Peer 1: 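I have a structure here, written as structure tokens, and I will follow up with some questions on it.
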Amino acid sequence: MTSIFEVSPRCQELQRKLTDFVENDCLPAEEIYESQVGKGDQRWKVIPPIMDELKAKARSLGLWNLFLHKGYPEGPGLTNLEYATLCEITGRAPRVAPEALNCSAPDTGNMEVFAKYGTPAQKQKYLVPLMNGEIRSAFAMTEIAVSSSDATNIETRIERVGDHYIINGHKWWISGAGDPRCKVFLVMGKSDPNNESKYRQQSIVIVPAGTPGVQVVRPMTVFGYDDAPEGHCEVKFVNVKVPIENIIAGEGRGFEVIQGRLGPGRIHHCMRAIGMAERTLDLMIARVTDPSRRTFGRILARHGTVAADVAKIRIDINASRLMVLAAADKIDKVNAKGALRDIAMAKVLVPNMLQKTIDLAIQAFGAAGVSQDFPLARFHAAARSLRIADGPDEVHIQQLARFELFRGDEIREKYEAIKARRAQIYANNSKL
């Protein structure tokens with residue numbers, strides 16, 4: 001993997017180590033991991049033992065908590081750009097590599113919330129064990145009864161009663177909630193629903209997983225995949241009571257917190273998606289150049305449409321990578337809020353690129369492509385859902401349109417100035 005963006009020698013060394021770890025440990029361990037996931041009534045109780053081995057090796061190699069950028073003293077000191085290049089490598093083995101490095105969602109976003117906004121007591125209780133890989137976490141925002149792509153619709157109530165908050169709400173698609181290691185939820189809800197600013201109505205509170213009233217109702221499936229043991233669950237919070245010390249950053253700052261959390265997270269998703277696309281292309285090339293597989297007397301790669309698909313996929317992957325790295329670089333320079341336009345473009349482009357890449361690969365594989373014998377079907381489920389997760393395409397496109405259309409007055413003024421200058425040149429006998 002090459003890039004016009006410069007990274008430190010240390011990052012280059014981490015790239016080499018991580019590539020070796022993914023290719024020689026994570027990819028061979030994928031099938032073993034799946035075979036060790038719990039069956040039947042053990043589905044949500046068993047953690048595949050191979051994961052602990054992968055974590056131990058990753059940690060011994062210095063491949064641990066790489067996501068927390070150099071703005072945080074708890075992190076390893078990498079930039080967002082540098083981590084983006086590493087994140088792509090983990091995307092080649094998306095079921096095992098990110099977790100093996102303690103760099104999987106939703107924990108990464110939650111750890112960044114604790115690192116940025118947590119009190120010393122909150123950090124000690126939750127950030128430390130999360131960064132040690134001792135526990136896992138969940139982020140509860142999306143709701144079953146409202147269109148949650150507009151987060152101002154969130155209806156969960158967080159009401160202060162004395163020195164406690166009482167939480168009532170009905171969430172779903174809460175990633176990680178099925179994991180027996182999940183010990184804490186970050187729950188978004190309305191603490192001040194009558195506030196004049198619709199962006200100051202929300203707060204985020206810490207809810208320990210064992211708190212009375214927390215009800216994990218059921219795991220959801222994505223095209224039939226339940227992603228056990230973590231899962232994506234429907235969760236109810238019924239009269240859940242937590243102390244006021246469990247507020248994150250302060251009342252009314254929920255939107256601020258989620259925007260800081262989601263920006264880098266979207267880039268992480270995009271870079272892992274590029275890794276998935278690279279692996280998909282590898283699988284496709286191996287398949288279509290296999291001399292034992294011929295149609296009409298030729299290997300598949302000798303058919304023009306197949307060869308053209310391979311070329312177009314390469315163009316799309318490389319273009320997508322540059323866009324995501326540019327967004328990561330901008331986050332480093334002007335923070336996530338200043339990079340909203342770039343993040344939005346990447347979040348639209350990359351999942352669509354990945355979905356198209358996988359679809360073409362499946363077509364080249366034929367029936368095998370949609371089977372359990374290859375990772376393409378699971379990749380397709382992840383790619384399609386990524387176009388909804390962390391904001392659907394339409395929200396990002398609408399945001400991008402606002403950024404562009406806002407330039408209307410400036411553009412008209414510029415071309416009026418050009419027109420006036422042209423008239424001035426004509427008036428001067430066509431001389432400057």
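The model shown is predicted, which means the values in this text are computed figures rather than measured ones.
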Peer 1: Where do Pro229 and Pro180 come nearest, in terms of heavy atoms and distance?
Peer 2: O-CD, 4.3 Å
Peer 1: Is Asp179 close to Trp44 at the side-chain level, that is, under 4.5 Å between some pair of heavy atoms?
Peer 2: no
Peer 1: Taking Lys55 first and then Glu99, would you say they form a salt bridge - that is, a charged N and a carboxylate O separated by under 4.0 Å?
Peer 2: yes
Peer 1: Give a yes or no on whether a salt bridge exists between Asp390 and Lys347, defined as a side-chain N under 4.0 angstrom from a carboxylate O.
Peer 2: no
Peer 1: Tell me which one of Val187, Val217, Ile144 satisfies side-chain contact (heavy atoms from CB on, under 4.5 Å) with Lys171.
Peer 2: Val187
Peer 1: Does any N or O in the side chain of Glu251 come within less than 3.5 Å of the main-chain N or O of Ile247, such that one atom is a donor and the other an acceptor?
Peer 2: no
Peer 1: Which heavy atom of Phe67 sits nearest to which heavy atom of Thr108, and what is that distance?
Peer 2: CE1-O, 3.4 Å
Peer 1: Counting distance only, does the side-chain N/O of Lys241 pair as donor-acceptor with the main-chain N or O of Ile167 below 3.5 Å?
Peer 2: no
Peer 1: Could you check whether any side-chain N or O of Asp107 sits under 3.5 Å from a backbone N or O of Ser137, counting only pairs where one atom can act as donor and the other as acceptor?
Peer 2: yes
Peer 1: Between Ala336 and Ile331, what is the shortest heavy-atom contact and its length?
Peer 2: N-CG2, 4.0 Å
Peer 1: Test His170 against Glu234 for side-chain contact (heavy atoms from CB on, under 4.5 Å), laying out the working first.
Peer 2: CA-CA 8 Å; His170 191 177; Glu234 180 182 345; 2.6 Å; yes
Peer 1: Hey, are Asp316 and Lys312 close enough for a salt bridge, meaning a charged N less than 4.0 Å from a carboxylate O?
Peer 2: no
Peer 1: May I have all residue pairs that pass side chain to side chain donor-acceptor pair (under 3.5 Å) and include part of residues 372-381, sequence neighbours excluded?
Peer 2: Asp227-Arg378
Peer 1: Using 4.0 Å as the upper bound for N to carboxylate O, is an ion pair formed by Arg43 and Asp226?
Peer 2: yes
Peer 1: Please determine whether a side-chain nitrogen of the Lys or Arg among Arg10 and Glu13 lies less than 4.0 Å from a carboxylate oxygen of the Asp or Glu.
Peer 2: no
Peer 1: Identify whether the distance between the nearest side-chain nitrogen and carboxylate oxygen of Glu410 and Arg407 falls below 4.0 Å.
Peer 2: no
Peer 1: Does a side-chain N-to-carboxylate-O contact under 4.0 Å join Lys330 and Asp342?
Peer 2: yes
Peer 1: Does a side-chain N-to-carboxylate-O contact under 4.0 Å join Glu88 and Arg272?
Peer 2: no
